[in-house]
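For reference, the structure is listed below as structure tokens.
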Amino acid sequence: MLIELEKRKEPSRLMLYLTPFIAVLATMLAGAIIFTLIGHDGFGAVGKIFFGPLLDTYKWQDLGVKAAPLILIAVGLAIGFRANVWNIGAEGQYIMGGLAGTGVALLTWGMEGWWILPAMCLAGVAGGMAYAAIPTVLRTRFNVNEILSSLMLTYVAVQLLYYLMRGPWKDPEGFNFPQTRMFNDWQLLPTVVPGTVVHLGVPIAFIVALIAWFVMSRTVFGFRIRVVGAAPAAARYGGFNARRTVWAALLTGGGLAGFAGILEAAGPFGQMVPQFPTNYGFTAIIVAFLGRLHPAGIILAGIILAVSYVGGEMAQSSIGLPNAATGVFQAMMLFFLLASDVLVRYRIRIGGQVHRAGEA
Amino acid sequence: MTVEGSLVIPIIMTVVGAATPILLAALGELVVEKSGVLNLGVEGMMLIGAVTGFAVTTVTGQPVIGILSAMLAAAGSAFIFGFLTLTLTANQVATGLALTIFGIGLSALAGEGYVGRTVDVFGSAFPESLAGHPVLRVIFGYSPLVYVSLILVVAVSWFLRRTRAGLILRAVGESDISAHSIGYPVIAVRYMAVLFGGAMAGLAGCFYSLVLTPMWAEQLTAGRGWIALALVVFASWRPARLLLGAYLFGAVMTLELHAKAAGFSLVAPEFLAAMPYLATIAVLAIISARKAGSSAAPACLGKPFKPGA
């Protein structure tokens, strides 16, 4: 059997939107087979991971809470990826955003007022932006590849978090546990649906994605980003400043990651703890790609990845599937998506001869 | 003042220990990048190698079989990367990241039953009279893999500079289109480079699980795979400089350990733990700034190649 790839004249729009679903389906199928082979209940695991959270209405609130940070971070990263700026240190920017916001929370601990929470959020965004500014300066001034520098900074951020938890920011009344005080009522994100864990950060994430959609498709800024990424030579010719685009892309990514950080700290965590880094910054990379770097797609992809997180936890408690399985499933989604990308750019011909004759 | 009594020898030995795995992994990645491919999955491949080497050695009791299996398993994961990026022309950055996420998950999954277990590994490559000597152990007291890494530096350097195959590999990395039009099999050469890089990352991973720790824990390599990637840039794609860089990085990485041992407590231990990453950034800045404009990177690095497209 002969399989041939033939380049399409232009990328297939149908395939562009269809392939993420193909990737998820392929992941389910391959996952079921692989997990059966290594001695787990493969089909049960896939059922639990991908359908369990959807069938159990009580779990829907968890989906929203998990999807929110993923969507926020992925929307920012996607803007960078579109401009060919590879910020993969969102995890570090997320930590720094959480830390900056926590800093404000600790400063205002004895105080009351509606302004405290917004101030924490602003600090979170600023913290993420400032941290993303480091790889930006390194790239624009010293020509340092942002992939490595942003990633290295993630490890540095983790150490800073450990240092602050162990020393200066430790709760003085916390029996020497390495964590901060619990935030007070003015510092915690309110829940938006009474009786659930759905906090204000969840609608915020969706609104930010919608704003990003508008900005990317309807403004000069969005146009500039897309042109610099797709056709750098044309962008230069058109007088677009590449350096400014790098700044905009990285600061947006860092700011949104930092925002996600403080929303997590003031939401589900309610304090700062050493377990704060939960790899959302890395998983968001998968979300950005699965969502085709488009805010609407990212909302959907964020929910799919949230399903895999919540479903992974369900499978862990019900059928004893190891926690690491979730990561394997998530990576497989990205693998299959990248593999199926070939369908967007190429036509696959099986038994090429026959088809070619028919087309001529 | 006696050499035996001082801390000099133990310090040198820990530096060599820390440097060897990143040297091995970076050597593999250097060959991959020389062929024009950027594989960011080093960390993932190292973890797959680390867990495979540990598991197979525990089961068979044979470290050599463990190491070979590790190299095979990591090369297998590199094949996934190769298939996606070379055959299907997928984005190399994204695929490499996927490989790392995959390796972290898969190794944690596969290694679940091995956490907390220990393994008997081979000690030094030399007889006890040399390996256990208070002074000479600084030369003879290492795992055989350390000497293997040094031989490999020479071998890779020789291969790239003095052999025809090495020349072809560099040609493919510098200009895939010309190499293809002369008749060199661009994709096949890149596949071989990627598989070699995988095997080397697997060997590097083994060094953690079988020699340095020796045990298995989730994310055992703790981001060292990324330092190996930085090391290739630091060495401006030259094997000899890789050796120098690896030992420099090794020294920085063991700083925390030595500071603790010496009772040095002026700086927070977290700061010292962050040092290797900060040093990497600083070094990248210096190297990259100096080379602005005329980069030493292979010209086709990271660009997909599709003949006839």
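Letters A, B, ... are given to chains in the order of the sequence lines, protein chains preceding strands, and every chain is numbered from 1. Small disclaimer: the values here were computed from a predicted structure and weren't measured.
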| request: Could you give me the CA-CA distance, side-chain angles and deciding distance for B:Ile281 and A:Leu153, then say whether side chain to side chain contact (heavy atoms under 4.5 Å, CB included) is met? | output: CA-CA 8 Å; B:Ile281 295 169; A:Leu153 286 169; 3.6 Å; yes
| query | Is there any residue in residues 79-95 of chain B with a non-hydrogen atom under 4.5 Å from a non-hydrogen atom of chain A, and which ones are they? | reply |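 So far as heavy atoms go, B:Ile80, B:Leu84, B:Thr87, B:Leu88, B:Thr89, B:Ala90, B:Asn91, B:Val93, B:Ala94, B:Thr95 are the residues that approach chain A to under 4.5 Å.
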Any chance you could measure [X], atom [atom1], to [Y], atom [atom2], to the nearest 0.5 Å?
X	Y	atom1	atom2	result
B:Trp226	A:Met152	CH2	CE	8.0 Å
A:Met165	B:Glu270	CE	CD	10.5 Å
A:Leu151	B:Leu229	CG	CG	9.0 Å
A:Phe329	B:Ile101	CZ	CD1	15.5 Å

| field | Region of B:Ala110 that comes under 4.5 Å of a non-hydrogen atom in chain A | value | neither
| message | Counting only non-hydrogen atoms closer than 4.5 Å, does B:Leu99 touch chain A with its backbone (N, CA, C, O), its side chain (CB onward), both, or neither? | response |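 Looking at B:Leu99, backbone and side chain both touch chain A.
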Given a strict heavy-atom distance threshold of 4.5 Å, which part of [X] is in contact with chain B: side chain, backbone, both, or neither?
X	answer
A:Leu338	both
A:Phe35	side chain
A:Arg166	side chain
A:Arg139	neither
A:Leu161	neither
A:Leu337	neither
A:Phe289	side chain

Looking at [X], I want to see if its [atom1] is surrounded by more than 12 non-hydrogen atoms of other residues, nucleotides or ligands under 6.0 Å.
X	atom1	value
B:Ile177	CD1	no
A:Gln316	CD	yes
A:Arg8	CZ	yes

| said: Out of B:Gly103, B:Ala108, B:Gly223, return the one with the most heavy atom pairs under 4.5 angstrom to chain A. | reply: B:Gly223
| message | I'd like to know which of B:Gly105, B:Ala222, B:Gly44 tops the heavy-atom pair count under 4.5 Å against chain A. | response |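 Sorted descending by pairs with chain A, the first entry is B:Gly105.
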| Over all atoms of both residues, closest heavy-atom pair of A:Ile147 and B:Leu40 | CG2-CD1, 3.8 Å
| query | Quick one: does B:Leu284's side chain get under 4.5 Å of A:Leu138's, heavy atoms only? | reply | no
| With side chains defined as the heavy atoms from C-beta onward, is the minimum distance between B:Thr280 and A:Leu148 less than 4.5 Å? | no
| message | Taking every non-hydrogen pair under 4.5 Å, which of A:Ile88, A:Ile285, A:Ile34 racks up the most with chain B? | response | A:Ile88
| request: Look at the rings of B:Phe102 and A:Phe335 and say which category their plane angle falls in: under 30° parallel, 30 to 60° tilted, over 60° perpendicular. | output: perpendicular
| said: Ring centroids only, cut at 6.0 angstrom: are A:Tyr163 and B:Phe271 within range, meaning strictly under it? | reply: no
